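To start, the structure under review is shown below, and the notes come after it.
All heavy atoms count here, side chains included; hydrogens, waters and symmetry mates do not. In this text the structure is predicted, and so the values were computed from the model without any measurement.
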There are 2 protein chains.
Amino acid sequence: MEREKAPETAVPIGDAARLSGVKVPTIRYYEQIGLLPAPARTEGNRRLYAGTDLRRLAFIRHARELGFDVDAIRTLLSLQDRPEQSCASADAIARARLAEVRQRMAKLKALEDELTRMIDECACGRVAECRVIETLAEPHRHGALA
Amino acid sequence: MEREKAPETAVPIGDAARLSGVKVPTIRYYEQIGLLPAPARTEGNRRLYAGTDLRRLAFIRHARELGFDVDAIRTLLSLQDRPEQSCASADAIARARLAEVRQRMAKLKALEDELTRMIDECACGRVAECRVIETLAEPHRHGALA
DNA sequence: TCTTGCTCCTCTAGCCGCTAGAGCATGTAG
DNA sequence: CTACATGCTCTAGCGGCTAGAGGAGCAAGA
């Protein structure tokens with residue numbers, strides 16, 4: 001019984017890319033930096049991705065979408081690999097990330113306000129009266145924070 | 001000698017950095033990429049920044065803070081240099097940036113929600129039950145773009 | 001069989017906006 | 001005069017990919 005060719009067994013990198021939503025060169029890059037283990041190869045030296053690889057790839061992609069950096073993902077993956085442990089680290093990483101996200105949002109809100117003001121106040125005549133340019137040219141305090 | 005630092009003359013790069021809030025190497029970098037004109041030099045080959053340079057630097061810094069990329073700043077600066085022209089381009093650049101900012105905010109909001117959910121639902125026991133890890137591992141649709 | 005045309009391989013270099021460091025010259029205070 | 005800060009140029013590195021060269025493998029059609 002040759003059941004070795006089940007449909008979901010292993011796929012080449014192009015399919016892995018389509019299935020996971022991670023681009024082909026990016027998959028190879030993840031392998032290079034050790035985020036994804038080197039998969040099996042065919043006789044012709046092509047990468048063959050199994051289900052576990054694809055799941056890991058999806059995990060990475062999702063985490064990247066949420067803005068986790070590679071280092072954080074490395075930690076999360078290592079946690080995932082040892083399900084006995086406490087998930088306090090994962091929680092901490094997520095919390096740190098949430099704090100970052102909130103900070104970034106606050107900043108963007110300030111930006112939005114300023115941009116809106118710039119645009120609204122711009123009579124859109126000559127540059128000489130342009131609020132957009134003018135606002136940017138205004139001296140800004142910077143002493144403490146960058 | 002109490003040679004007064006005449007305020008309206010020209011300052012070396014370190015002072016320019018302190019006054020503008022742009023770091024020394026960054027100032028040199030801006031010169032290198034042609035964002036800031038090469039300033040006058042002393043006999044000893046040191047850069048001397050005059051008021052116009054400092055104002056330009058402040059402009060650049062403010063624009064960078066608002067997230068404009070170097071190309072956009074180049075355009076804004078060239079507009080600033082010709083105050084007769086219509087400021088429609090500046091307006092367009094600012095509007096494009098505003099759209100970007102809003103998009104980014106929406107994304108971050110979604111992120112915040114997901115992170116909040118992840119954290120809230122995590123009982124913080126073993127990894128096996130950790131929502132943080134679990135959520136990241138969930139298959140995500142991506143085919144049509146999220 | 002050959003050929004077309006896709007996928008895949010490795011390798012190197014480039015992107016942005018800086019930042020860090022080496023190795024040397026200059027300026028200034030004590 | 002000596003220390004030490006500040007300046008100079010130059011090169012290389014960061015993260016997280018992305019692009020391209022130059023070649024090999026492989027399935028299907030003529």
Side-chain angles (χ1 to χ4, degrees), chain A residues 5 10-36 38-49 53 56-57 59-77 97 100 104 107 142 146, chain B residues 1-5 9-36 38-49 53 56-57 59-77 97 100 104 107 142:
Chain A
K5 229 188 166 187
V11 297
I13 198 167
D15 292 356
R18 276 181 287 277
L19 290 169
S20 68
V22 179
K23 292 186 198 159
V24 169
T26 306
I27 296 177
R28 287 197 280 244
Y29 168 73
Y30 286 159
E31 180 183 328
Q32 195 187 296
I33 63 170
L35 209 52
L36 196 66
R41 300 270 183 144
T42 65
E43 275 189 24
N45 199 35
R46 282 149 186 244
R47 289 169 179 85
L48 276 185
Y49 293 92
D53 299 314
R56 188 169 262 246
L57 213 36
F59 183 100
I60 294 169
R61 180 186 185 237
H62 194 176
R64 284 295 298 135
E65 271 171 7
L66 290 179
F68 291 96
D69 63 19
V70 167
D71 240 40
I73 296 176
R74 240 185 263 276
T75 307
L76 289 170
L77 283 168
R97 183 67 200 136
E100 272 171 43
R104 190 83 188 106
K107 252 192 176 175
H142 56 262
Chain B
M1 305 306 157
E2 298 186 6
R3 165 170 268 193
E4 250 178 57
K5 267 191 184 175
T9 35
V11 298
I13 198 167
D15 292 356
R18 275 181 288 277
L19 290 169
S20 68
V22 179
K23 291 185 197 157
V24 168
T26 306
I27 295 177
R28 286 195 281 244
Y29 168 73
Y30 286 159
E31 180 183 329
Q32 194 187 298
I33 63 170
L35 208 53
L36 195 66
R41 299 270 183 144
T42 65
E43 276 190 22
N45 199 35
R46 281 150 185 243
R47 289 169 179 85
L48 276 184
Y49 294 93
D53 298 315
R56 200 167 176 103
L57 257 182
F59 183 101
I60 294 170
R61 177 179 189 246
H62 194 177
R64 284 294 299 135
E65 270 172 9
L66 289 178
F68 291 97
D69 63 20
V70 167
D71 240 41
I73 296 176
R74 239 185 264 277
T75 308
L76 291 170
L77 282 168
R97 180 69 198 135
E100 272 170 44
R104 189 86 188 102
K107 252 193 176 174
H142 56 262

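In this structure, CD of Glu43(A) is placed 12 Å from P of dG25(D), rounded to the nearest angstrom. The distance from atom CD1 of Ile27(A) to atom C1' of dT10(C) is 16 Å, rounded to the nearest whole Å. One can place CG of Asp71(B) at 13 Å from C1' of dC15(C), the figure rounded to the nearest angstrom. In this structure, OH of Tyr29(A) is placed 17 Å from P of dC15(C), rounded to the nearest angstrom. For the pair Asn45(B) CG and dA25(C) P, the computed distance is 13 Å after rounding to whole Å. One atom, CG of Leu48(A), and another, P of dG25(D), lie 16 Å apart when rounded to the nearest Å. Rounding to whole angstrom units, CD1 of residue Ile13(A) and P of dT10(C) are separated by 9 Å. Look at CZ on Arg64(B): it is 12 Å from P on dC16(C), rounded to the nearest Å.
Residues Glu31(A) and Arg28(A) are not paired through a salt bridge, judged by the lack of any N-O separation under 4.0 Å between the basic side chain and the carboxylate. Under 4.0 Å is where a charged nitrogen must lie from a carboxylate oxygen, and between Asp53(A) and Arg56(A) no such pair does.
Contact check, Tyr30(B) against dG17(C): no side-chain N or O comes under 4.0 Å of OP1 or OP2. For the OP1/OP2 pair of dT10(C) and a distance below 4.0 Å, the side-chain nitrogens and oxygens of Arg41(A) include at least one atom meeting the criterion. Proximity of Lys23(B) to the phosphate of dC18(C): no side-chain N or O atom is located under 4.0 Å from OP1 or OP2.
Taking only side-chain atoms of Asp69(A), from C-beta outward, the nucleotide of dC8(D), dG7(D), dG16(D) with the closest atom is dG16(D). Nearest nucleotide to the Arg46(A) side chain, out of dC9(C), dT9(D), dG27(C): dC9(C).
Side-chain contact check for Leu77(B) versus Ile60(B): some heavy-atom pair is nearer than 4.5 Å.
The two residues Ala10(B) and Leu48(B) make their nearest non-hydrogen contact at CB-CB, 3.9 Å.
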Assess the residue pair Arg41(A) and Arg47(A) against the criterion (side chain to side chain contact (heavy atoms under 4.5 Å, CB included)); give the C-alpha distance rounded to whole Å, side-chain angles, the decisive distance to 0.1 Å, and a yes or no.
CA-CA 4 Å; Arg41(A) 300 270 183 144; Arg47(A) 289 169 179 85; 3.3 Å; yes
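Residue contacts for Arg28(B): at a heavy-atom cut-off of 4.0 Å it reaches a base atom on one of the strands shown.
Residues Thr26(A) and Gly44(A) each lie close to DNA chain D; by heavy-atom proximity, the contact nearer the 5' end of the strand is made by Thr26(A).
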